[in-house]
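Source: prediction; values computed, not measured. Every heavy atom of this structure was used, including side-chain atoms; hydrogens, water molecules and symmetry mates were not. Within every chain, numbering begins at 1; the chains are lettered A, B, ... in the order of the sequence lines, protein sequences first and strands thereafter.
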Amino acid sequence: MTIKESQDRIIEDFAAFEEWTDKYEYIIQSGEDLPPMDPQYKTDDNLIRGCQSRVWLHADFKDGLLHFTADSDAQITKGLVSLVTTVLSGQSPADIADAELFFIDAIGLRSHLSPTRANGLLAMLKQIKMYALGYKVQQAQKN
Amino acid sequence: MTIKESQDRIIEDFAAFEEWTDKYEYIIQSGEDLPPMDPQYKTDDNLIRGCQSRVWLHADFKDGLLHFTADSDAQITKGLVSLVTTVLSGQSPADIADAELFFIDAIGLRSHLSPTRANGLLAMLKQIKMYALGYKVQQAQKN
Amino acid sequence: MKVVETMVQIPLDLEKIRLDFPILHTTVNGKPLVYFDNGATTQKPLAVTRAIETYYNTYNSNVHRGVHTLSQKATIAYEESRTTVAGFINAKPEELIFTKGTTDAINLLAYTFGKQFIKEGDEIIISAMEHHSNIVPWQLCCEDRKAVLKVVPINDKGELEMGEYEKMLSDKTKLVAITYVSNTLGTVNPVKDIIALAHARNIPVMLDAAQAVQHIAIDVKELDVDFMAFSGHKLYGPTGIGALYGKESWLEQLPPYQGGGDMIKTVSFDKTVYADPPLRFEAGTPNIAGAIGMAAGVKYLIGIGLDKIATTERVLTEYALEQLSSIDGLRLIGTAEHRGPTFSFIIGNSHPTDVGELLDMQGIAVRTGHHCTQPLMDLFCIPGTARASLSFYNTPEEIDRLVDGIHKAMKLLKK
Amino acid sequence: MKVVETMVQIPLDLEKIRLDFPILHTTVNGKPLVYFDNGATTQKPLAVTRAIETYYNTYNSNVHRGVHTLSQKATIAYEESRTTVAGFINAKPEELIFTKGTTDAINLLAYTFGKQFIKEGDEIIISAMEHHSNIVPWQLCCEDRKAVLKVVPINDKGELEMGEYEKMLSDKTKLVAITYVSNTLGTVNPVKDIIALAHARNIPVMLDAAQAVQHIAIDVKELDVDFMAFSGHKLYGPTGIGALYGKESWLEQLPPYQGGGDMIKTVSFDKTVYADPPLRFEAGTPNIAGAIGMAAGVKYLIGIGLDKIATTERVLTEYALEQLSSIDGLRLIGTAEHRGPTFSFIIGNSHPTDVGELLDMQGIAVRTGHHCTQPLMDLFCIPGTARASLSFYNTPEEIDRLVDGIHKAMKLLKK
Ligand SMILES: Cc1ncc(COP(=O)(O)O)c(C=O)c1O
Ligand SMILES: Cc1ncc(COP(=O)(O)O)c(C=O)c1O
């Protein structure tokens with residue numbers, strides 16, 4: 001699935017919800033479905049500190065694709081982190097670097113990307129983009 | 001004339017004025033009519049410092065009566081100072097101490113007594129009352 | 001205690017009072033707003049916004065030293081506001097310095113008192129439940145003056161260890177700076193005892209009353225407190241204004257804080273002579289509209305009746321305490337005997353942010369986080385709490401909505 | 001230049017604009033108000049009071065760290081206000097610290113810059129035409145750091161002696177702090193030259209722009225100025241708010257000023273880590289309504305057009321200058337080539353207070369006194385002046401009324 005396709009799928013899922021509680025149930029469940037992060041990666045280096053909740057992010061580069069594992073100490077943030085990594089993991093650095101993440105806005109959680117929210121999600125997205133750009137440049141140099 | 005009588009006279013004079021300019025002409029003229037203050041009394045001790053204009057006040061005690069000479073560097077303040085000393089000079093300490101100065105309010109210049117005005121007039125009145133009280137106590141002790 | 005019973009005990013016509021606060025009739029996420037973030041800032045009655053508007057639209061002018069009519073009006077209004085706010089705590093106007101808020105007031109004191117009285121090795125006493133605004137200024141002061149900051153510990157319920165406090169007082173102690181009411185725990189501290197013990201050793205006391213003035217009628221003379229700081233915006237007044245009360249005998253001894261217009265008698269390049277308190281400490285154009293608005297807020301409260309406000313808030317506190325305590329899996333942080341209408345809680349091992357967000361979805365505004373009391377959070381070993389802080393304009397039904405909201409959040413978070 | 005001619009040159013529909021300022025339609029002493037005290041504080045357009053009202057009545061909440069909707073709204077509005085005000089002077093939002101006003105901004109800089117960079121024997125340069133707010137903070141700083149305050153002299157017209165300034169600059173100079181526009185004389189200083197000469201020696205420059213931002217479109221990048229202070233209330237905004245601009249590279253190097261909430265990253269009793277600029281310098285709950293109101297004022301000005309404002313004020317300045325100069329017995333204090341719409345004058349040997357009062361009786365508001373520039377008064381050997389300071393909302397007819405008023409005052413005072 002492309003980045004766009006998996007985003008569309010999430011948006012479709014959300015379209016079916018009538019109650020805000022369904023939305024949050026889905027998000028929280030996504031967090032619970034997130035494979036546990038290897039404790040060895042839960043380092044200070046991988047920590048993205050929001051003002052309120054914390055996010056850990058680790059990137060693996062294999063066979064030309066980037067894979068992310070992540071965690072958060074807040075359930076809703078973790079759910080969103082899970083959705084983001086699902087969308088972006090296993091894609092190429094170039095695709096990730098160019099990707100526009102429209103689904104968060106579309107499912108009505110744009111406020112989580114507000115710099116005033118400081119829950120770590122925005123910082124995590126920036127971090128992901130940086131990784132992607134880094135590997136993209138690296139690959140370009142190799143070729 | 002008693003303190004009350006001379007105040008009433010000023011109020012009467014003012015009642016005749018139709019224009020604010022007449023009022024100010026009278027006040028400023030009163031200032032000009034004020035006998036010049038003996039320079040030897042224009043000391044820092046006798047200086048009452050308002051935020052804007054300055055007032056000098058000197059008190060003489062003779063034959064049981066208080067006499068004031070005064071000056072100001074602002075014409076309107078000087079006029080008011082002149083009216084006040086006219087009303088109070090030559091009266092007994094007891095009468096001055098007990099006097100209520102209602103004329104300033106009655107002629108519509110109450111704002112000049114506002115502590116926010118800081119033109120020295122209010123401070124001068126306080127100073128006069130203090131002199132009067134001082135001599136009143138002194139006389140009482142003598143008797 | 002049931003909601004009906006509770007409402008009977010409330011001496012105020014809440015429905016009528018709530019009409020004074022337009023924001024209480026707005027909706028958030030499609031639900032009528034329940035505003036339980038009064039500890040962060042209170043809402044403003046129309047009396048306050050109208051006073052500000054009238055000032056700007058009819059007599060706005062810079063204060064002091066102006067002879068023209070508008071300037072006189074503005075100056076009188078500003079100084080009358082000082083008298084009103086001072087009178088509210090039974091102080092003289094000369095003892096009340098207008099500041100930007102509590103933080104500014106405490107910094108003013110820490111700097112000037114430090115400069116005048118604190119020497120190397122001296123000690124300043126604060127407590128473990130202080131707001132950052134009553135910690136950092138003293139840290140900066142102690143760093144500057146090479147003094148030592150001592151911290152009175154608290155017990156599990158969130159009460160000061162008064163025995164420890166007493167032991168801490170010594171000849172080295174130069175000042176005690178303690179909060180009257182904790183913004184996180186709701187604890188009301190025994191300020192009379194705190195002051196009496198310090199005064200027995202001639203040590204002055206500053207109270208951080210940021211969370212006290214809006215709940216408790218305070219008489220600084222009766223308390224015999226030396227300094228007290230509070231904010232306008234937590235007292236139903238505007239942002240950007242607050243006050244430092246100081247006994248005249250103390251203020252006279254303090255050097256100026258900021259330099260500028262209004263705080264001087266005379267300026268020359270060789271020698272500058274400072275004005276007397278309180279103007280000595282009010283450099284520059286003051287927050288005139290802020291002072292006028294703060295006084296309007298204080299007058300509004302007095303109009304309602306401080307006793308009625310206190311009774312209403314006591315009833316609401318009891319009801320909320322009962323209702324929140326009955327929630328299985330909810331842990332109250334701060335269970336002091338003497339408390340105000342502020343409730344910090346955590347739900348299982350949920351992150352407070354999650355709780356806050358799910359309550360917000362239901363129109364309920366609570367604050368989450370460390371509430372600017374990180375050392376306290378460290379003490380309780382928690383990352384933060386969700387905090388519901390009430391005002392007299394809140395209703396028992398709103399407490400019910402909070403309880404329902406928490407249940408809904410717990411269900412979603414599977415706690 | 002006749003009044004009709006003058007009006008033709010004004011690019012604004014003043015009658016329409018004056019409708020935005022309710023106070024301009026009030027009367028003083030029975031006469032329509034002529035407000036010529038804009039140097040002390042400007043009047044507020046409805047856009048400003050309405051922005052404040054809307055904030056309080058619909059989204060008042062404390063900022064930062066709140067997850068609930070109101071807090072998010074308030075935080076976004078506060079930070080957008082920062083962006084607006086920063087954009088107004090072409091700065092980045094991170095470079096703009098909200099303060100209580102100009103005085104607070106200069107004190108913040110004097111304290112933090114002094115602490116970080118000023119050592120015994122160092123020199124700070126100010127000028128002879130500074131406002132007390134740009135004198136006393138540096139006096140306090142120099143006293144604290146055992147540094148030396150140097151004063152650039154001015155000539156008879158009230159212009160800086162640039163030759164003297166250049167000679168004063170040395171390796172000992174650590175900062176130049178000079179006013180952009182004199183609040184008493186109206187002089188507009190050659191700030192580009194001032195900055196260039198200082199930068200040639202790697203000395204940073206702070207501009208006191210309290211009397212500049214409301215008259216001159218300022219681009220801090222183009223000016224290459226290092227720090228700049230200004231007030232909201234002189235910029236058609238609320239009282240109790242202002243700003244300090246600082247280049248990022250400078251702000252990063254400065255230690256905190258006040259301690260408290262919001263200016264920290266983490267607090268513990270052992271170690272406190274401060275936040276990055278600008279928050280590092282904004283301790284405590286900020287003046288949220290003030291910032292929002294200040295941004296509303298700035299937007300209002302931009303809406304009118306800064307160029308049109310400048311043209312209008314230039315025309316008014318020329319007309320006023322011509323009219324005032326034609327009054328026999330009136331002496332202008334400050335006759336600089338480059339000037340703003342501010343006119344200080346004395347009449348014969350009259351006391352300025354008398355002139356002010358007699359103008360006030362005619363509904364004309366001018367300021368009288370030393371205008372917080374006592375050293376300047378000493379230099380001119382006068383106790384003070386009467387000062388008429390104009391804004392774009394003033395009209396040529398109002399200038400005529402001033403002239404008539406002065407004639408009437410002169411007659412009464414027999415000058
Ligand atoms: C040139 C100048 N600097 C500084 C100030 C002080 O500004 P504020 O009183 O708003 O702090 C003023 C205003 O009076 C001023 O005119
Ligand atoms: C106990 C306490 N002290 C100090 C403060 C700081 O007040 P402000 O932010 O109004 O300066 C607060 C408010 O957050 C508080 O609750």
Side-chain angles (χ1 to χ4, degrees), chain B residues 13-14 17-34 36-37 42 44 47-57 70-84 104-105 107-124, chain D residues 27-34 37 40-41 132 184 329 333 344-374 376-378 380-387 401 404-415:
Chain B
D13 286 349
F14 270 78
F17 299 146
E18 294 197 341
E19 292 289 325
W20 66 272
T21 44
D22 299 333
K23 231 159 69 171
Y24 277 88
E25 233 166 46
Y26 180 106
I27 294 167
I28 290 164
Q29 189 56 48
S30 303
E32 285 174 20
D33 296 343
L34 190 67
M37 194 176 194
K42 273 187 133 171
D44 270 2
L47 175 64
I48 295 160
R49 189 183 260 284
C51 225
Q52 299 247 353
S53 52
R54 296 182 296 172
V55 172
W56 290 266
L57 175 74
D71 198 2
S72 171
D73 58 352
Q75 284 166 275
I76 299 170
T77 309
K78 188 170 174 177
L80 290 167
V81 162
S82 168
L83 295 178
V84 168
I104 299 175
D105 194 354
I107 64 174
L109 277 101
R110 187 182 41 179
S111 73
H112 281 265
L113 294 178
S114 159
T116 63
R117 193 72 166 223
N119 57 2
L121 191 68
L122 184 67
M124 184 190 86
Chain D
T27 58
V28 161
N29 288 319
K31 322 273 181 334
L33 168 67
V34 173
D37 195 17
T41 200
H132 293 164
T184 302
I333 305 295
S344 265
F345 58 89
I346 51 180
I347 290 173
N349 58 353
S350 284
H351 198 287
T353 317
D354 291 332
V355 178
E357 179 166 352
L358 296 176
L359 289 175
D360 184 55
M361 287 307 296
Q362 303 172 69
I364 303 162
V366 300
R367 186 132 302 230
T368 61
H370 54 57
H371 317 297
C372 291
T373 54
Q374 277 186 1
L376 193 58
M377 298 297 104
D378 295 345
F380 280 97
C381 295
I382 47 177
T385 72
R387 182 191 70 181
R401 274 189 59 197
D404 285 350
I406 292 173
H407 280 300
K408 204 166 226 169
M410 287 174 93
K411 207 175 131 214
L412 281 163
L413 297 166
K414 300 174 189 161
K415 302 294 153 178

Inset, instruction - Could you tell me whether the side chain of D:L358 reaches within less than 4.5 Å of the side chain of B:T21, counting heavy atoms only? - result: no
Legend entry - Rounded distance (nearest 0.5 Å) linking atom OH of B:Y24 with atom CG of D:D354: 9.5 Å
Inset, instruction - Name the option with the most non-hydrogen atom pairs under 4.5 Å to chain B; the candidates are D:N29, D:N349, D:T368. - result: D:T368
Legend entry - B:D33 atom CG: more than 12 heavy-atom contacts under 6.0 Å: yes
Legend entry - Contact class of B:L109 relative to chain D, heavy atoms under 4.5 angstrom: side chain
Inset, instruction - Drop me the distance from B:D73's CG to D:T353's OG1, to the nearest 0.5 angstrom. - result: 7.5 Å
Legend entry - Engaged part of B:I28 at the chain D interface, taking heavy atoms whose separation is under 4.5 Å: side chain
Legend entry - Straight-line distance of D:E357 CD to B:S111 OG, nearest 0.5 Å: 6.5 Å
Inset, instruction - Measure distances from D:K411 to the heavy atoms of chain B and classify the residue's part below 4.5 Å as side chain, backbone, both or neither. - result: neither
Inset, instruction - Sort out for me which of D:K414, D:M361, D:Q362, D:K408 touches chain B most, counting heavy-atom pairs under 4.5 Å. - result: D:M361
Legend entry - Smallest separation among heavy atoms of B:Q75 and D:L413, with atom names: NE2-O, 3.2 Å
